[in-house]
Amino acid sequence: MHLELGPLPAGDVQQWSRFARRVVCELRTDPADLEGIATADLLSGWTTMIDRWEHDAAMGAPEFRWSGDVDVEKAEYLLHGLDRIVHSSSVQARLSAEDHARHTGFTMHLVQSFVDGLSAEGRCHQHYVDQVRGSMGAQLDH
């Protein structure tokens, strides 16, 4: 699956990366209501993606754009985990109003990019894409 992110301010991506690392670290320590979802495999998969994006955002350009290929099954797995994390009551309880204000935009951009990539893969992914769209509601672009 082809995934495209941006254009976005590189500084926003760097801030989101630090935020996402904090969430991953907290989930490694205490998955709470995500026990069995926030597995070492899921968190490692997200850490790899976060590392890539943070590296590219730190290259000095003011605008961040990233594109790359992600195995479609891995993309579904990562998106499923992200969807559950976004809706986790324990994760939400750990976030401040400032966290929400600062990082929800990039998080939803990320979800939308995964949805778009899976949609482009064909009809076999459409049911799942529709579930994610329903789960995120009006927070997604389209």
Side-chain angles (χ1 to χ4, degrees), residues 1-121 124-142:
M1 176 192 91
H2 191 70
L3 182 65
E4 292 189 21
L5 301 175
L8 299 160
D12 290 356
V13 177
Q14 289 174 304
Q15 288 178 7
W16 182 88
S17 296
R18 286 188 291 276
F19 162 76
R21 270 195 198 8
R22 186 190 93 204
V23 172
V24 166
C25 184
E26 289 171 354
L27 288 171
R28 285 186 198 281
T29 305
D30 179 16
D33 64 333
L34 293 171
E35 186 76 42
I37 302 290
T39 63
D41 188 45
L42 177 74
L43 299 176
S44 292
W46 273 112
T47 298
T48 298
M49 300 302 284
I50 294 163
D51 289 347
R52 287 181 194 165
W53 301 328
E54 183 178 44
H55 175 268
D56 286 3
M59 296 302 288
E63 187 175 83
F64 171 82
R65 288 180 184 262
W66 186 89
S67 64
D69 292 322
V70 179
D71 176 78
V72 71
E73 286 83 19
K74 182 174 184 175
E76 279 192 9
Y77 177 64
L78 292 173
L79 181 56
H80 173 73
L82 182 58
D83 183 37
R84 296 291 301 270
I85 289 167
V86 165
H87 291 95
S88 164
S89 59
S90 65
V91 170
Q92 293 305 313
R94 295 174 187 167
L95 304 181
S96 68
E98 183 180 337
D99 289 334
H100 282 287
R102 182 175 285 169
H103 304 298
T104 297
F106 181 80
T107 301
M108 290 302 112
H109 177 79
L110 186 57
V111 171
Q112 185 67 62
S113 297
F114 271 82
V115 164
D116 290 346
L118 287 170
S119 292
E121 288 293 313
C124 63
H125 302 285
Q126 197 58 47
H127 179 69
Y128 180 63
V129 164
D130 290 343
Q131 284 181 329
V132 172
R133 282 187 178 126
S135 171
M136 296 296 174
Q139 292 180 301
L140 296 182
D141 298 329
H142 53 278

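Put simply, the side chain of D33 gets close to the backbone of S89: a donor and an acceptor are under 3.5 Å apart.
Counting only heavy atoms from C-beta outward, the side chains of L78 and K74 approach each other to under 4.5 Å. Residues Q15 and F106 fail the side-chain proximity criterion, which asks for heavy atoms closer than 4.5 Å. Put simply, the side chain of V86 does not reach to within 4.5 Å of the side chain of T104, judged on heavy atoms. Here the side chains of E54 and R21 are in contact, with some heavy-atom distance below 4.5 Å.
Between the side chains of D51 and H55, no donor N or O sits under 3.5 Å from an acceptor N or O.
Expressed to the nearest 0.5 Å, how far OG of S44 lies from CZ of R28 amounts to 4.5 Å. Atom CZ of F19 and atom CD of E98 lie 11.0 Å apart (nearest 0.5 Å).
Judged as a salt bridge (Lys or Arg N to Asp or Glu O under 4.0 Å), and not counting sequence neighbours, the contacts of E26 are R22. Here D69 pairs with H2 under the side chain to side chain donor-acceptor pair (under 3.5 Å) rule; sequence neighbours left out. Every residue was checked against the side chain to side chain donor-acceptor pair (under 3.5 Å) condition with T29, not counting sequence neighbours, and none meets it.
Using the six-membered ring where Trp is involved, W16 and W53 have ring planes that are tilted, between 30° and 60° apart.
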Notebook entry, point to check: Between R94 and V23, does a side chain to side chain contact (heavy atoms under 4.5 Å, CB included) hold up when you go through it step by step?
Noted result: CA-CA 9 Å; R94 295 174 187 167; V23 172; over 6 Å; no
